[in-house]
Amino acid sequence: MTEGTGAHPLEPFNLETMSGVHPGSRTRVYQQIRLRSREGDTVRWAQIRWHEAPPRWAVHLQSATGPNHWAETPLCVVDTPQADGFRAALVARLEEAGWSLLTCGTCGRWHPTPDQDHPDGLPVGLCSWRGEDPMAEPVPTEFLCQSLLALDCSHWCPEAERRPPERLAGERPAPSPAPDPDPPGRGWQRLWDRWRRRSRPQDTGKAPSWWERLAERSGVGAGTEPCFACQGRLANWGALTLATSEGDKRTVSVWRCRLCGTWYLNDWVDRWERLDSLETEERYFRLAPMEALTVLARIHRVPGGEHPRGREKRTEERAWIDGFLAQRTPLSHQRRQGR
């Protein structure tokens, strides 16, 4: 995550009410983004609020009074938003106010794909970051799609450094979606299901690749946790249960927003079995698409890895996860005690 001072983390869970509800007013449609000051030493969260009557959008900075409080006076307003010119208008107005937009759409590694549909109508692009040790096996580019307003990650770089998209050898392109009469609420999973139906091999006798077995999973929290960036809900794509040094249960899982495509890693520690306080600790991290796939590949190497049985033997996986997260700043870090 891009570093800077002045940025409060977000708190998706309200510790005062022990719920996911936070007081305050906002429009029905909104996004949460991060901004950097012109001097470059301050990073702040902000909300883009979309007003319907009259149609306009407004940017509100995070208030110093709390992580989920927002300034009443907007930083900038556009009275007649145009869908095609939204990105340019947003960047220009923020620059006038002394701020730069930190999202996938202003990253030098994000490359627009005009023919790609998207549930919320915002432009979609492919993330070209591959890492120093990319996977040898090609993956569908649908996994690499990110919305214009998907949150910045630790690999964000200025648009001035934009270069032609890198490509893995044999990387599979995402298909152009056919007209679909169903509502687009399922977002990325709908496109992924369609891709798998078209590309599934016909009885070749060859075991499917690990990514061909990927799918949204049901379970506690799946489809109910809110995205940090938009009104989309997070879907779980894989989980691995480990043991902490104290013997507590630790679950590392990968999630993706069904609306904007943002990838996250959730690190959850459950101390209920050891402490009387029913304490849990939770951290969320933003992942670049290829990072999410790297973690998922690691998870799929552990048979039955989601089950807590045998978690104390997964020391190699715990060391790998600890190293992976060592230098990262979480989007959110909360400790809770049950009542």
Consider only side-chain heavy atoms of I, L, V, M, F, W and Y, link residues closer than 4.5 Å, and tell whether [X] and [Y] are in one cluster.
X	Y	value
V302	L242	yes
L122	W110	yes
W320	M290	yes
V91	L94	yes
L35	V78	yes

Are W57 and F86, when compared by the centres of their aromatic rings, separated by less than 6.0 Å? yes
With heavy-atom distances below 4.5 Å as the criterion, would you say the side chains of [X] and [Y] are in contact?
X	Y	result
Q31	L149	yes
T103	R34	no
R233	P226	yes
T251	D270	no
F285	Y264	no
L151	W45	yes
S37	W99	yes
W156	C107	yes

Out of curiosity, [X] [atom1] to [Y] [atom2], how far, rounded to the nearest 0.5 Å?
X	Y	atom1	atom2	answer
L259	S147	CG	OG	7.5 Å
R109	R130	CZ	CZ	11.0 Å
I321	D267	CD1	CG	8.0 Å
I33	C104	CD1	SG	12.5 Å
I48	H60	CD1	NE2	10.5 Å
T315	D322	OG1	CG	11.0 Å

Closest non-hydrogen atom pair, [X] against [Y]:
X	Y	value
A150	R286	CB-NH2, 3.9 Å
L126	T141	CD2-O, 3.4 Å
C145	R256	O-NH2, 2.7 Å
L325	R283	CD1-NH2, 3.9 Å
R87	G105	NE-O, 3.0 Å
G305	R314	O-NH1, 3.0 Å

The test is side-chain hydrogen bond (donor to acceptor under 3.5 Å, both in side chains); show your working for T262 and Q146 and say whether it passes. CA-CA 6 Å; T262 303; Q146 303 279 265; 5.0 Å; no
Is the shortest distance from a Lys or Arg side-chain nitrogen in E317 or R298 to a carboxylate oxygen in the other one below 4.0 Å? no
Are R49 and W70 close enough, and set up right, to give a side chain to side chain contact (heavy atoms under 4.5 Å, CB included), and what steps lead you there? CA-CA 11 Å; R49 300 178 183 176; W70 310 92; 3.4 Å; yes
Could you walk me through whether C227 and Q32 pass the side chain to side chain contact (heavy atoms under 4.5 Å, CB included) test, one step at a time? CA-CA 9 Å; C227 177; Q32 291 176 158; over 6 Å; no
Verdict with supporting geometry, N266 and E282, side chain to side chain contact (heavy atoms under 4.5 Å, CB included): CA-CA 7 Å; N266 178 274; E282 183 177 36; 2.8 Å; yes
Quick one, E291 with W129, criterion side-chain hydrogen bond (donor to acceptor under 3.5 Å, both in side chains). Give me CA distance, side-chain angles, the key distance, then yes/no. CA-CA 9 Å; E291 289 179 318; W129 183 84; over 6 Å; no
How far apart are the C-alpha atoms of T241 and H307, what are their side-chain angles, what is the distance that settles it, and do they pass the side chain to side chain contact (heavy atoms under 4.5 Å, CB included) test? CA-CA 6 Å; T241 303; H307 199 282; over 6 Å; no
Kindly say whether Y284 contributes a backbone atom to a donor-acceptor pair with the side chain of S332 at under 3.5 angstrom? no
Any donor-acceptor pair under 3.5 Å linking the side chain of R93 with the backbone of V77? yes
Can you confirm if the NZ or CZ of R328 lies within 45° of the ring axis of F324 and under 6.0 Å from the centre of its six-membered ring? yes
Residue from Q334, R250, R271 passing side chain to side chain donor-acceptor pair (under 3.5 Å) with E281: R271
May I ask you to check whether over 12 heavy atoms, not counting those of E316, lie within 6.0 Å of atom CD? no
Can you say whether the rings of F143 and W263 are parallel (under 30°), tilted (30 to 60°) or perpendicular (over 60°)? tilted
Dump the intermediate steps for salt bridge (Lys or Arg N to Asp or Glu O under 4.0 Å) on R38 and E95, then the final yes or no. CA-CA 8 Å; R38 181 178 289 127; E95 288 289 345; 5.2 Å; no
